[in-house]
Amino acid sequence: MTDRPTVAVFRPDDERIEAAVATLESLEATPVADPMLEIEPTGETPRRDADYAILTSTTGVELAAEAAWDHGNGLVCAIGPKTADALREAGYDVDVVPEEYTSSGMVEALDGEVDGARVEIARSDHGSPVLPDGLEAAGAYVHETTLYRLARPDGSGHAAERAADGDLDAACFTSPLTVEHFLEAADARGIREETLTGLEDVVVGVIGGPTRRRAEHCGVPVDVVPDEATFDALARETLEAVRS
């Protein structure tokens with residue numbers, strides 16, 4: 001390992017990958033940016049008549065705001081602080097942010113409040129079933145709107161080659177889908193087994209239990225799962241593990 005560890009990051013190819021690269025550089029690491037998610041808007045808009053409306057990403061907020069979404073008298077819920085900040089910047093009040101920034105955390109935050117209520121979930125086509133299933137179990141009438149689809153960008157996968165070549169010190173996965181797309185990209189290059197073998201010598205950090213479970217199911221060993229489900233915490237703790 002050099003004084004500046006090489007760290008692969010797979011955020012969408014927009015301001016999020018730029019922010020991730022800046023974070024890693026501020027932590028004196030060398031980022032290997034390999035976006036694994038491409039946003040494809042559906043043109044759908046969140047329902048306006050829900051008692052609770054849940055947004056789970058800054059992308060969802062941006063698309064809702066562009067469509068001039070009006071949530072009526074319903075309460076607005078954000079899955080985490082970045083989504084909450086995006087909502088406020090777009091002019092929306094935020095009524096609920098769970099203590100744990102996950103689907104299960106949102107279910108816990110709303111449990112006991114949504115029995116008989118209409119709940120709108122506005123997110124991507126790859127959202128976890130934990131959120132709607134948990135809210136329905138709590139007595140809510142749940143409707144889900146797919147605001148955008150998540151595809152794997154053409155040409156992705158150079159980080160998989162670097163893992164296969166033993167040229168990475170760490171990798172930061174931020175969702176189950178980034179894990180799946182990373183391995184699909186390795187498959188497309190004919191190096192899946194070599195990539196998985198290479199990851200055994202890499203510090204792998206992931207955000208949240210669902211990402212950990214998907215990674216381990218796919219044969220990717222996981223070393224770091226920060227308590228705080230943010231990229232800043234993931235990057236910091238992954239690099240601490242690399243340097244320890």
Side-chain angles (χ1 to χ4, degrees), residues 5-24 29 31-40 56-60 79-80 82-83 101-103 123-131 146-164 168-189 191-192 194-196 198-200 202-226 228-239 241-242:
T6 54
V7 183
V9 58
F10 311 107
R11 308 227 71 188
D13 193 13
D14 54 25
E15 68 278 358
R16 281 166 291 185
I17 197 76
E18 294 171 3
V21 165
T23 295
L24 290 168
V32 177
D34 191 4
M36 287 293 159
L37 300 175
E38 187 170 77
I39 309 300
E40 297 180 349
T56 65
S57 69
T58 57
T59 297
I79 199 76
K82 291 191 179 298
T83 305
Y101 312 143
T102 63
S103 293
R123 58 181 183 174
S124 80
D125 63 330
H126 280 82
S128 164
V130 169
L131 186 54
T146 299
L147 298 179
Y148 58 99
R149 299 183 181 90
L150 293 168
R152 180 169 66 85
D154 293 338
S156 60
H158 63 89
E161 291 187 351
R162 293 189 66 159
L168 282 182
D169 296 305
C172 292
F173 293 98
T174 51
S175 70
L177 194 57
T178 57
V179 176
E180 294 171 15
H181 283 183
F182 173 78
L183 293 177
E184 285 177 12
D187 267 332
R189 293 169 185 250
I191 56 169
R192 183 187 180 101
E194 294 89 338
T195 296
L196 287 170
L199 287 177
E200 294 175 3
V202 168
V203 174
V204 175
V206 305
I207 285 183
T211 308
R212 177 175 200 156
R213 289 189 289 274
R214 175 54 57 188
E216 292 177 342
H217 176 77
C218 293
V220 176
V222 174
D223 304 291
V224 175
V225 186
E228 180 182 315
T230 64
F231 183 79
D232 287 356
L234 175 63
R236 183 177 63 253
E237 293 187 27
T238 298
L239 281 165
V242 170

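The figures that follow rest on heavy atoms only: side chains count, while hydrogens, waters and symmetry mates do not. Note that this is a predicted model, so its numbers are computed, not measured.
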Asks: Scan the side chains in residues 180-188 for donor-acceptor partners under 3.5 Å anywhere in the protein, sequence neighbours excluded, and list what turns up.
Replies:
unit_1, atom_1, unit_2, atom_2, d
E180, OE2, R214, NE, 3.2
H181, ND1, M36, O, 2.7
D187, OD2, R192, NH1, 3.0

Asks: What distance do T230 atom OG1 and K82 atom NZ have between them, rounded to the nearest 0.5 Å?
Replies: 7.0 Å
Asks: Where do H158 and D34 come nearest, in terms of heavy atoms and distance?
Replies: N-OD2, 3.2 Å
Asks: Looking at S175, is its backbone amide N or carbonyl O close enough to the side chain of T178 to form a donor-acceptor pair, meaning the two atoms are under 3.5 Å apart?
Replies: yes
Asks: So for atom NE2, which belongs to H217, do other residues, nucleotides or ligands contribute more than 12 heavy atoms lying within a distance under 6.0 Å?
Replies: no
Asks: Dump the intermediate steps for side-chain contact (heavy atoms from CB on, under 4.5 Å) on V21 and L24, then the final yes or no.
Replies: CA-CA 5 Å; V21 165; L24 290 168; 5.8 Å; no
Asks: Using atom types as modelled and distance alone, determine if a side-chain donor or acceptor of R236 lies under 3.5 Å from a backbone N or O of P226.
Replies: no
Asks: Which pair of heavy atoms, one from T238 and one from A170, lies closest together, and at what distance?
Replies: CG2-CB, 3.7 Å
Asks: Looking only at heavy atoms, which two atoms of A29 and P31 are closest? And how far apart?
Replies: O-CD, 3.4 Å
Asks: What is the minimum heavy-atom distance between C172 and F231, and which atoms define it?
Replies: CB-CE1, 4.0 Å
Asks: Which heavy atom in V224 sits nearest to a heavy atom in E237, and how many Å separate them?
Replies: CG1-CB, 3.8 Å
Asks: Would you list the atom pairs, donor with acceptor, under 3.5 Å between side chains in residues 203-213 and any protein atom, with sequence neighbours excluded?
Replies:
unit_1, atom_1, unit_2, atom_2, d
T211, OG1, I207, O, 2.8
R212, NE, E216, OE2, 3.1

Asks: For residues T6 and D169, is any side-chain donor paired with an opposing acceptor at under 3.5 Å?
Replies: yes
Asks: Going by the side chain to side chain contact (heavy atoms under 4.5 Å, CB included) test, name the single residue among E40, H126, E38 that passes it with R149.
Replies: E40
Asks: Under the side chain to side chain contact (heavy atoms under 4.5 Å, CB included) test, which residues partner I79, sequence neighbours left out?
Replies: T56, T83, M106
Asks: Can you tell me how far apart CG (L168) and CG (L199) are? Round to the nearest 0.5 Å.
Replies: 7.5 Å
Asks: Is there a side-chain contact between T58 and R16, using heavy atoms and a 4.5 Å cut-off?
Replies: yes
Asks: Does any part of the side chain of L150, heavy atoms only, come nearer than 4.5 Å to the side chain of I39, both counted from C-beta?
Replies: yes
Asks: Of all the heavy-atom pairs spanning T195 and A160, show the shortest one and how long it is.
Replies: OG1-O, 3.2 Å
